[in-house]
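Heads up: the structure comes next, in structure tokens.
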There are 2 protein chains.
Amino acid sequence: MSTPSENSSAALLKLENQLCFPLYAVSRMLTKAYQPYLQALDLTYPQYLVFLLLWEHDELTVKELGEKLLLDSGTLTPLLKRMEQKQWLSRRRDPRDERSVLIALLPAGQALREAACHIPEQLLGHMGMSQDEFEQLRSQLNTLLTKLA
Amino acid sequence: MSTPSENSSAALLKLENQLCFPLYAVSRMLTKAYQPYLQALDLTYPQYLVFLLLWEHDELTVKELGEKLLLDSGTLTPLLKRMEQKQWLSRRRDPRDERSVLIALLPAGQALREAACHIPEQLLGHMGMSQDEFEQLRSQLNTLLTKLA
DNA sequence: CAATGTTTGATTGTGTACAATTAAATTTCT
DNA sequence: AGAAATTTAATTGTACACAATCAAACATTG
């Protein structure tokens, strides 16, 4: 597959030899694969990720959400406001430190958990991977993430 | 690492057990890693991907670009118009089929190739991966892409 | 305690992404 | 040829993403 000449700058510049493109494309296509399941719950994919954290932690600051999701306030603030409008969560300043905003689950957000809890299993089907392949890929991506983050 | 209980719906719903999140995060962080190199050329990451194809093919329709990048016209049309304004490429209807728009490199776009040709090698440094790891990850992602696309 | 510096969100502006709709051109079918 | 179906871009509207800037609250230090 890789002849000596394929390490030249010219070959490295071809789309098909990039690692970045399949990452970018798979990420978008996987988001699309979630879409039918999430749309049924009126959720977007980044909102689903916020819920994954809130279902685990119940209350987090915007900063903590940002650190865990690697998203900044320019993304999170409007996204969380939309989720607040749907009565899924509450936003209030931390009385002990007015700079922080505490995000907490409301009953409607808590209830969504039951409706969403089978989404991961359903997505596994779309990917058609063995448990081993899944784990290996996840581990490689997490390693790469720590190098890039 | 994975106890029997970790295959429950509850465990599958944790952010840390997802494959989708590291994919999403690595994709965004990798785009960020390109940023300093691309910004020096006044390019965005998706625009860079368009160039990778045009440097190979010289002239493509919007449809062909969309098929190769898995992007639709709602994304490509405004993106290509911005690139046209910078005189990097031309947009014209195909005389033989007026429904198609031909995208062709202009000299300024052709010239950018020399300025960009060492970007892939520089990015490899940021990822700190061996050739083998790189190839293995790329191959797994491409397999997954064909399943999702 | 007052001045300085830091932390934390919010805001603004630009650029993707993508679903859904529209419109024009072409192809197909009778 | 003419109607119907298909193909291809463009448009519209919503929702991220993120750099850059701002503003308020807190912490630190002399």
Separation of Leu148(A) atom CG from dC18(D) atom P, in whole Å?
13 Å

Hey, is the main chain of Leu12(B) close enough, under 3.5 Å, to the side chain of Asn17(B) for a donor-acceptor pair?
no

Has Lys81(A) got a side-chain N or O lying under 4.0 Å from the OP1 or OP2 atom of dC16(D)?
no

Under 3.5 Å: donor-acceptor pair, side chain of Glu64(A), backbone of Thr61(A)
yes

Rounding to an integer number of Å, can you tell me how far Arg28(A) CZ sits from dT16(C) C1'?
10 Å

Reading DNA chain C from 5' onward, which residue's closest nucleotide shows up sooner: Gln39(A) or Gly74(A)?
Gly74(A)

For the side chain of Ser73(A) and the base of dA10(C), is some donor closer than 3.5 Å to an acceptor across the two?
yes

Check against salt bridge (charged side-chain N to carboxylate O under 4.0 Å, His left out), Arg138(A) and Glu133(A):
CA-CA 8 Å; Arg138(A) 196 165 64 82; Glu133(A) 289 172 320; over 6 Å; no

Of the options dA15(D), dT16(C), dA19(C), whose atoms approach the side-chain atoms of Lys32(A) most closely?
dA19(C)

Partners meeting side chain to side chain donor-acceptor pair (under 3.5 Å) with His126(B) (sequence neighbours left out)
Tyr37(B)

Arg113(B): what forms a side chain to side chain donor-acceptor pair (under 3.5 Å) with it, not counting sequence neighbours?
none

Ranking dA19(C), dA17(D), dT16(C) by distance to the side chain of Gln35(A), first place goes to dA19(C)

Measure the distance from CG on Leu76(B) to C1' on dC18(C) and round it to the nearest whole Å.
11 Å

Between Glu56(A) and Leu15(B), the two heavy atoms sitting closest are OE2-N, 3.2 Å

Pull out every residue in residues 60-68 of chain A that has a heavy atom closer than 4.0 Å to any atom of DNA chain D, ordered by number, or say none.
none

Pick base, sugar-phosphate or nothing for Leu79(A), based on heavy-atom distances below 4.0 Å to the nucleic acid.
sugar-phosphate

Can you tell me how far P of dC16(D) sits from OH of Tyr48(A), to the nearest Å?
16 Å

Measure the angle between the two terminal helix axes of the helix from dC1(C)-dG30(D) to dT30(C)-dA1(D), five base pairs each, and quote it to 10°.
10°

Can you check whether Leu80(B)'s main-chain N or O pairs, donor with acceptor, with Arg91(B)'s side chain at less than 3.5 Å?
no

Distance, rounded to the nearest Å, where Gln47(B) contributes CD and dC18(D) contributes P:
16 Å

Whole angstrom value for the distance that separates C1' of dC18(C) from CG of Leu43(A):
17 Å

For the residue pair Ser90(A) and Glu84(A), confirm or rule out a side-chain donor-acceptor distance under 3.5 Å.
no

What contact category does Leu71(B) fall into here, base, sugar-phosphate, or nothing, at under 4.0 angstrom with non-hydrogen atoms?
sugar-phosphate

When you get a sec, tell me which of dA19(D), dA19(C), dC18(D) is the closest nucleotide to the side chain of Met29(B)?
dC18(D)

Leu65(B) and Leu60(B) have their tightest heavy-atom pair at CD2-CD1, 3.7 Å

For dA17(D), take OP1 and OP2 only and decide whether either is under 4.0 Å from a side-chain N or O of Tyr24(B).
yes

In Å and rounded to the nearest 0.5 Å, what is the CZ to CG distance from Phe21(A) to Leu23(A)?
10.5 Å

Which part of the nucleic acid does Thr75(B) contact within heavy-atom distance under 4.0 Å: base, sugar-phosphate only, or nothing?
base

Sequence neighbours left out, what passes side chain to side chain contact (heavy atoms under 4.5 Å, CB included) with Thr44(A)? Give chain and number order.
Pro46(A), Gln47(A)

Distance check needed: dC16(D) P versus Leu30(A) CG, whole Å only.
17 Å

What are the two closest heavy atoms between Gln18(B) and Tyr48(A), and how far apart are they?
OE1-OH, 4.3 Å

Rounded off to whole Å, could you give me the CG-to-P distance for the Asp72(B) and dT11(D) pair?
14 Å

Which residues in residues 86-100 of chain B have a heavy atom closer than 4.0 Å to any atom of DNA chain D?
Arg91(B), Arg93(B), Arg99(B), Ser100(B)

What's the spacing between Leu71(B) CG and Leu79(B) CG if we round to 0.5 Å?
8.0 Å

